[in-house]
Amino acid sequence: MSLEFHVRQTRGEARAGSLVTPHAKIETPVFMPVGTAASVKGVPQDTLEELGAQIILGNTYHLYLRPGVETIRKMGGLHGFMSWRRSILTDSGGFQVFSLNQLRKVNEAGVTFRSHLDGSTHFFSPESAMEAQVGLGADIIMAFDECTEYPADQARMRASMEMTARWAARCKKYFAEHKHQVPWRAVPSFEFQVSGDADPRNPQPEARNPELSQSLFGIVQGGMDRALRKESAERTIEIGFPGYAIGGLSVGEPRELTREIVESTLEHLPKDKPRYLMGVGTPEEIVEYANLGVDMMDCVLPTRAARHGLLFTSEGKISIKQARYAQDAGPLDPNCTCRVCRRYSRAYLRHLYASNEVLAQVLNTIHNLSFYLEAMRRVRAQFSNCADTTAVQGRIEAGA
Ligand SMILES: [Zn+2]
C-alpha cells in the first residue's frame, strides 16, 4: 500500500475525505505544520499529537545539509529519528534551493547551489532529490520542480514549466526503481527500557513490511499564467501521480492573484486524487482554499508569526508585544480552548515575549498551530452537519 484517498462528501467544490498513508489515516482537508529540520520549532512531538496534528512536513534541503540523509536513514527514516508515529511529507528541496540561494546554477541536469550554513557547493537533480527523500522516508514525497520566480515573463514561465514537466518524469522513473529502499521500521520507544516492561503501544523495531511504500506527488507550475498552469496540470497528470500539488505560489504575488491561479488550476486536477496547495495561507485563506476543493495545505505562517509575537485569534491578529496587554488578565483568545488560552493571561504572554523567554516561542506557537488546526477541524465538521452532500469515492492503487 502506498496511499488510499476517499472523498466522503462534497459540497460545491469543497470536499471532505480521508487519506490513508502507511503510518496513519488523515482526515481531509488537513493543515500540515511545518517541521523544517525534523522539528516544529518549539513544540515537542507529544504536544503536536495532543493538538491533533495528523501529518507534519519536513524540508529535504535542510535535512540533507544537516544532519544529512545518511544519518536519518540509519535511524529508520524521519519517523524513527524524530519519534513521530503519524504521517510525514517532505518537500523536494526545490523551493529552498531557489529561495535561499542567490548563487544557484540551473540547467537541464539539475541545480548547483551553495549551502546557507557553510557556503559549501551541492547539486540536486530530480534523481538525487528522490534518493534523498527515499532515505528520509516520509509517507508522501514531492517531485523536484523549479519554482518559477515572480514576476517572470512569458518565455521564462513556459521554459520553467516545461523543465519541471521533464524533471517530473525523471523523478517518477527514479522513484519507481528505488522506492523499495525506504528505511522504515517501527518508531523506537525508550520508555520501556527504563521500566523494564515492554510497552504494547510502542512496538519494537521490526522488519519492514515490503507492502508499504511511499507516495510521490507531482507538482503543477506555470507561474501566474492560467493557460500554462492548465498545460502543466495536463502534462503532470499524463505522467501520472497518486496526488497533485500546486506549487510556485506565495512568491510575492498579490493575494487575489494567488486565489485566481489556485481556483483555475484546481479545475484541471482529477477529483479522485488528493490536491495539495503548497506553502499558502492565513487562517482565513486556508479555510477559503479548503472551500475551493484543496485537501492539503502547509504554511510556515503560524509558527513563524508566533516566534515574532504575532498571534491569530477569533478576534483578529494580535501583536502580543504591545504595552496595552501588560496588565491584561484575560486569555489570549476567549474562544480558544488550547492549553495556552486555558491557562495563561495576555499579560503573562506579553511579559514572556518582552523578556525574550524561550517559553514565549513555545506557548505562542502552540496557540497559533492550535488555531490553524481548529480552523480545518471546523471545515471538516461542517460536512458532517450538512445533509445536502454527494458521496464520491476514489481509490488510489499503490504505485499509480
Ligand atoms: Zn489558544
Taking every non-hydrogen atom, the tightest pair across [X] and [Y]:
X    : Y    : answer
P126 : R170 : CD-NH2, 3.4 Å
P22  : D139 : CD-OD1, 3.5 Å
G223 : I261 : O-CG2, 4.3 Å
M297 : Y289 : SD-CB, 3.8 Å
Y244 : T236 : CE2-O, 3.8 Å
I88  : W84  : CG1-CD1, 3.4 Å

Does [X] use its side chain to pair, donor to acceptor, with the backbone of [Y] at less than 3.5 Å?
X    : Y    : value
R66  : L117 : no
E146 : M163 : no
Q133 : M142 : yes
S160 : M157 : no
K172 : I239 : yes
W184 : Q214 : no
T313 : E315 : yes
S232 : L228 : no
Q181 : V134 : no
N59  : D91  : no

Take T365 and N368 through the side-chain hydrogen bond (donor to acceptor under 3.5 Å, both in side chains) test and state the conclusion after the steps. CA-CA 5 Å; T365 305; N368 270 0; over 6 Å; no

Starting at [atom1] of [X], measure out to [atom2] of [Y] and round the result to the nearest 0.5 Å.
X    : Y    : atom1 : atom2 : result
L51  : S370 : CG    : OG    : 5.5 Å
K105 : T112 : NZ    : OG1   : 6.5 Å
Y353 : L363 : OH    : CG    : 14.0 Å
I366 : C338 : CD1   : SG    : 7.5 Å
H116 : R114 : NE2   : CZ    : 14.5 Å

Walk me through it: do Y276 and I140 pass the test side-chain contact (heavy atoms from CB on, under 4.5 Å)? CA-CA 11 Å; Y276 165 26; I140 298 171; over 6 Å; no

Could you check whether R104 makes a cation-pi contact with F98, meaning its NZ or CZ is under 6.0 Å from the centre of the six-membered ring and within 45° of the ring axis? no

For L311 and L332, run side-chain contact (heavy atoms from CB on, under 4.5 Å): C-alpha distance rounded to whole Å, both residues' side-chain angles, the deciding distance at 0.1 Å, then the answer. CA-CA 8 Å; L311 302 167; L332 175 58; 3.6 Å; yes

For [X], look at atom [atom1] and say whether over 12 heavy atoms of other residues, nucleotides or ligands are found less than 6.0 Å away.
X    : atom1 : result
Q327 : CD    : no
N356 : CG    : no
R304 : CZ    : no
H308 : NE2   : no

Decide whether [X] and [Y] meet the rule of one side-chain donor and one side-chain acceptor closer than 3.5 Å.
X    : Y    : answer
E253 : T258 : yes
D145 : T164 : no
N291 : E13  : no

Do F217 and F241 pass the ring-ring contact (aromatic ring centres under 6.0 Å, His included) test, and can you show the C-alpha distance, the side-chain angles, and the key distance before you say yes or no? CA-CA 6 Å; F217 280 19; F241 294 95; 8.6 Å; no

Is the closest basic N to carboxylate O distance between [X] and [Y] below 4.0 Å?
X    : Y    : result
R156 : E149 : yes
E162 : R235 : yes
E50  : R339 : yes
K25  : E4   : no
E284 : R255 : no

Salt bridge (Lys or Arg N to Asp or Glu O under 4.0 Å) between E374 and R380, worked out: CA-CA 10 Å; E374 183 57 31; R380 295 194 298 268; over 6 Å; no

With side-chain contact (heavy atoms from CB on, under 4.5 Å) as the criterion, how do V34 and V40 come out once you've worked through the C-alpha distance, each side chain's angles and the decisive distance to 0.1 Å? CA-CA 6 Å; V34 178; V40 176; over 6 Å; no

Evaluate salt bridge (Lys or Arg N to Asp or Glu O under 4.0 Å) for R166 paired with E108, printing each intermediate quantity in order. CA-CA 9 Å; R166 291 190 298 272; E108 190 66 30; 2.7 Å; yes

L310 and I318: same hydrophobic cluster, using ILVMFWY side-chain contacts below 4.5 Å? no

From CA spacing to verdict: salt bridge (Lys or Arg N to Asp or Glu O under 4.0 Å), D328, R350: CA-CA 9 Å; D328 187 334; R350 195 254 170 190; over 6 Å; no

Step by step, work out the salt bridge (Lys or Arg N to Asp or Glu O under 4.0 Å) result for R229 and E263. CA-CA 11 Å; R229 287 275 170 182; E263 198 165 8; over 6 Å; no

Derivation of the side-chain contact (heavy atoms from CB on, under 4.5 Å) call for V69 and L63: CA-CA 7 Å; V69 173; L63 295 166; over 6 Å; no

Consider side-chain contact (heavy atoms from CB on, under 4.5 Å). Of T265, I219, V280, which one does I246 pass it with?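 Exactly one pass, corresponding to T265.
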
Just do the ring-ring contact (aromatic ring centres under 6.0 Å, His included) check on Y64 and H122 with the steps written out, would you? CA-CA 10 Å; Y64 159 89; H122 300 266; 5.3 Å; yes

Are F113 and Y61 near enough that their ring centres are under 6.0 Å apart? yes

Give the ring-plane orientation class for H23 versus H79, where under 30° counts as parallel, over 60° as perpendicular and anything between as tilted.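 Plane angle under 30°, so parallel.
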
Among K173, H180, K179, find the one that has a side-chain hydrogen bond (donor to acceptor under 3.5 Å, both in side chains) with E177.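 Of K173, H180, K179, side-chain hydrogen bond (donor to acceptor under 3.5 Å, both in side chains) with E177 is met by K173 alone.
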
